[in-house]
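To find a chain, count down the sequence lines: A is the first, B the second, and so on, and within it residues start at 1.
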There are 2 protein chains.
Amino acid sequence: MAPTLKDVAAHVGVHPSTVSRVLRGKENLKISAKTHDKILKAVKELNYIPDFTARALRMKKSFTIGLIVPDILNPYFARIARRIEQLGFEKKYTVIVCNTDEDQQKEILFLNQLISRGVDGIIIAPVQDSKEHIVDVIDKNIPLVLIDRIFEDINVNSVITNNAESVMKAVTHLVKLGHKRIAFLRGQKNIYTIKNRLAGYKEALKEFNLSLIDNYIVGEGFEFEDGYEATLKLLALPKLPTAIVSSGGDLVTLGAIKAIYEKGLKIPEDISIIAFFDSLYSPFLATPLTTITHYRQKIGEKAFKLLLKQIESSKDMQAKTICVDTKFELRDSTAKPKN
Amino acid sequence: MAPTLKDVAAHVGVHPSTVSRVLRGKENLKISAKTHDKILKAVKELNYIPDFTARALRMKKSFTIGLIVPDILNPYFARIARRIEQLGFEKKYTVIVCNTDEDQQKEILFLNQLISRGVDGIIIAPVQDSKEHIVDVIDKNIPLVLIDRIFEDINVNSVITNNAESVMKAVTHLVKLGHKRIAFLRGQKNIYTIKNRLAGYKEALKEFNLSLIDNYIVGEGFEFEDGYEATLKLLALPKLPTAIVSSGGDLVTLGAIKAIYEKGLKIPEDISIIAFFDSLYSPFLATPLTTITHYRQKIGEKAFKLLLKQIESSKDMQAKTICVDTKFELRDSTAKPKN
DNA sequence: CTGTTAGCGCATTCAT
DNA sequence: ATGAATGCGCTAACAG
């Protein structure tokens with residue numbers, strides 16, 4: 001068996017609580033240098049490792065936070081998660097990452113699991129079929145911050161990005177190149193980010209007096225196949241778009257690229273593309289992609305700091321929504337339209 | 001405050017232990033249908049969520065496993081991790097992922113942290129500067145399985161891939177195309193996988209009677225910059241290689257590609273490349289890469305199952321080393337050498 | 001400066 | 001079929 005406080009205490013000949021005090025190392029608790037040293041020596045000798053579980057139970061504080069994201073394989077969330085872990089590590093917090101695969105049932109399960117494990121707080125990019133389960137958590141007074149996707153009518157700390165503006169910038173770029181038939185490859189419909197990106201798309205069209213063509217808005221999910229299928233549909237239209245704004249992220253975009261190649265089209269000669277794309281790989285693709293990328297580390301940082309503040313402040317703090325900019329990176333996947 | 005067993009018991013008018021029994025749901029414990037139902041009803045009403053921490057303390061079983069990898073941003077480890085999480089979820093285990101960034105100090109810290117948290121087992125791709133800390137964990141009788149990187153002289157469950165054979169296959173392919181000057185872009189030296197890949201490289205050279213050129217073996221790490229720098233060095237040599245085997249994974253390979261492009265060379269016309277490359281992106285790169293890829297999900301699966309068996313078996317089981325194949329995927333980054 | 005006491009929430013052994 | 005008692009390992013309030 002692993003040695004406990006009691007074992008260490010017995011080994012030194014003091015009371016367990018004394019050992020505890022030494023190990024907690026509170027400044028103001030006066031302990032004789034002698035016993036202090038003896039205890040530390042015994043700890044080393046016995047190779048004592050404190051039992052975090054017991055401590056958590058006693059202190060009602062687990063130094064654990066939960067992170068719920070759709071899919072950690074997505075470089076967007078991976079980078080955010082990694083940053084949160086890093087910061088957590090610095091502050092002695094462990095983070096438990098949960099992947100929902102955009103399945104709200106799973107999300108609810110994870111939420112309960114995390115609560116059951118007594119996490120000190122939760123960072124979540126929710127599935128957004130509904131919000132009751134999120135509200136429940138907040139009502140339980142468990143610190144929570146939303147990332148990427150918020151519910152506009154609930155008052156909670158959140159970190160988002162300026163989706164609409166990003167797309168408007170992208171469309172503007174295309175219009176200036178001469179494009180008039182710009183399609184929007186969506187991603188999953190009901191998601192906050194996507195709704196806002198779509199809104200930005202529509203607003204930009206309006207601004208440039210371009211008509212909104214329903215068939216030009218396609219896509220139903222965030223997976224490779226979703227992008228592939230949707231783009232095939234797009235490319236089967238009688239009147240092809242000359243440009244695509246891909247708002248569903250890396251996988252969707254790769255799917256789109258595959259479809260485009262399969263149809264024998266060239267990027268950007270036949271069709272231009274601007275994508276929300278967060279991996280390192282964009283410069284190396286067949287045609288280096290012009291992208292909208294996120295400051296993912298910053299998003300992770302803001303989220304973690306908000307959460308930490310909420311965890312550490314006894315009184316409830318004023319909820320804040322932080323908006324992080326995106327970056328427009330011009331590469332080679334956009335050009336003037338042919339016709 | 002969250003309701004406890006006691007609250008539920010009081011609400012129904014029974015003893016907490018009775019509630020516990022109902023919730024544990026052991027078959028052989030006879031409980032009247034009446035109280036059973038009443039208790040379940042109360043649980044729902046109060047929205048009782050069991051305290052996992054307390055349970056873990058009491059049962060000395062946390063239903064948590066630790067996964068320690070170099071970097072979850074690496075698609076190789078990301079996919080393995082994801083699969084382990086998935087399987088863990090099915091079996092009610094939570095997994096805590098730790099990233100070492102190839103820093104052994106961190107690895108030791110994480111190991112202790114995990115032990116302190118009372119994980120039921122650990123899966124680890126170790127840094128491999130040394131092995132004492134790993135042996136310590138095993139000596140503590142904590143179930144542990146090594147992935148990707150093993151210590152050949154310690155007897156422990158492990159899952160590896162056939163590194164040497166993979167490289168031999170790659171070199172063979174290049175030789176058959178007519179290459180005689182084949183460089184090896186290594187990755188971090190002291191790592192098991194890399195050592196074996198290098199061994200495979202050397203063996204293949206020998207088999208084909210090609211001389212081993214020291215300058216053709218480069219690379220010191222797993223990052224993008226490592227690949228970039230190392231390849232620049234390679235391309236500054238008086239006698240350029242006509243092909244590169246990149247054994248350091250995705251990032252290193254991307255770095256290499258960048259260096260090659262910057263030197264104004266073309267793939268595969270000027271230089272061929274075969275890479276250990278695990279992301280979805282390989283078909284879409286400027287020249288779709290001929291790669292060696294891993295069955296990452298399978299690796300995760302094997303590792304998880306080994307660990308679970310070890311956790312669940314009271315007596316210590318016979319340690320096993322499972323070797324998972326790799327896949328050679330021919331694309332367009334290899335061709336006959338120019339001269 | 002250190003020991004004593006109590007209890008976090010739960011599962012379990014022993015009663016009844 | 002259920003209640004009572006115990007303790008997992010730890011911290012904290014209170015004594016002294």
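Checking C/dC8, D/dG3, C/dG3 against every side-chain atom of A/R58, the shortest atom distance belongs to C/dC8. Listed nucleotides: C/dG9, C/dG3, D/dT2. Nearest to the side chain of A/R21: C/dG3. Closest to the A/V14 side chain, of the nucleotides D/dT2, C/dG3, C/dG9, is C/dG3. Closest to the side chain of A/S17, out of D/dC10, C/dT12, C/dT4, is C/dT4. Of the candidate nucleotides C/dG3, C/dC10, D/dT11, C/dC10 has the atom nearest to the side chain of B/L5. Comparing D/dA13, D/dC8, D/dC10 by their nearest atom to the side chain of B/K60 picks out D/dC8. In the set D/dC8, D/dA4, D/dA1, the nucleotide with an atom closest to the side chain of B/H15 is D/dA4.
In this structure, B/S62 and B/A56 approach most closely via the heavy-atom pair CA-CB, 3.9 Å.
In this structure, B/S20 does not reach the C/dC10 phosphate: none of its side-chain N or O atoms is under 4.0 Å from OP1 or OP2. Dashed line: the shortest gap from a side-chain N or O of A/R55 to OP1 or OP2 of D/dG9 is not under 4.0 Å. Distances shown here put every side-chain N or O of B/K61 at or beyond 4.0 Å from the OP1 or OP2 atom of D/dC8. OP1 or OP2 of C/dC1 has not a single side-chain nitrogen or oxygen of A/S32 nearer than 4.0 Å. Taking only side-chain nitrogens and oxygens, B/K34 never comes nearer than 4.0 Å to OP1 or OP2 of D/dA1.
Contacts of B/P16 with the nucleic acid, taken as non-hydrogen atoms under 4.0 Å apart, are absent.
Around NZ of B/K6, the count of heavy atoms belonging to other residues, nucleotides or ligands within 6.0 Å does not exceed 12. Environment of NZ in A/K106: crowded, with over 12 heavy atoms of neighbouring residues, nucleotides or ligands closer than 6.0 Å.
Nucleotides of DNA chain D nearest to A/F52 and B/G13 differ in position, and the one nearer the 5' end is that of B/G13.
Cation-pi geometry between B/R117 and A/F52 is met: the NZ or CZ atom falls under 6.0 Å from the ring centre, inside 45° of the normal.
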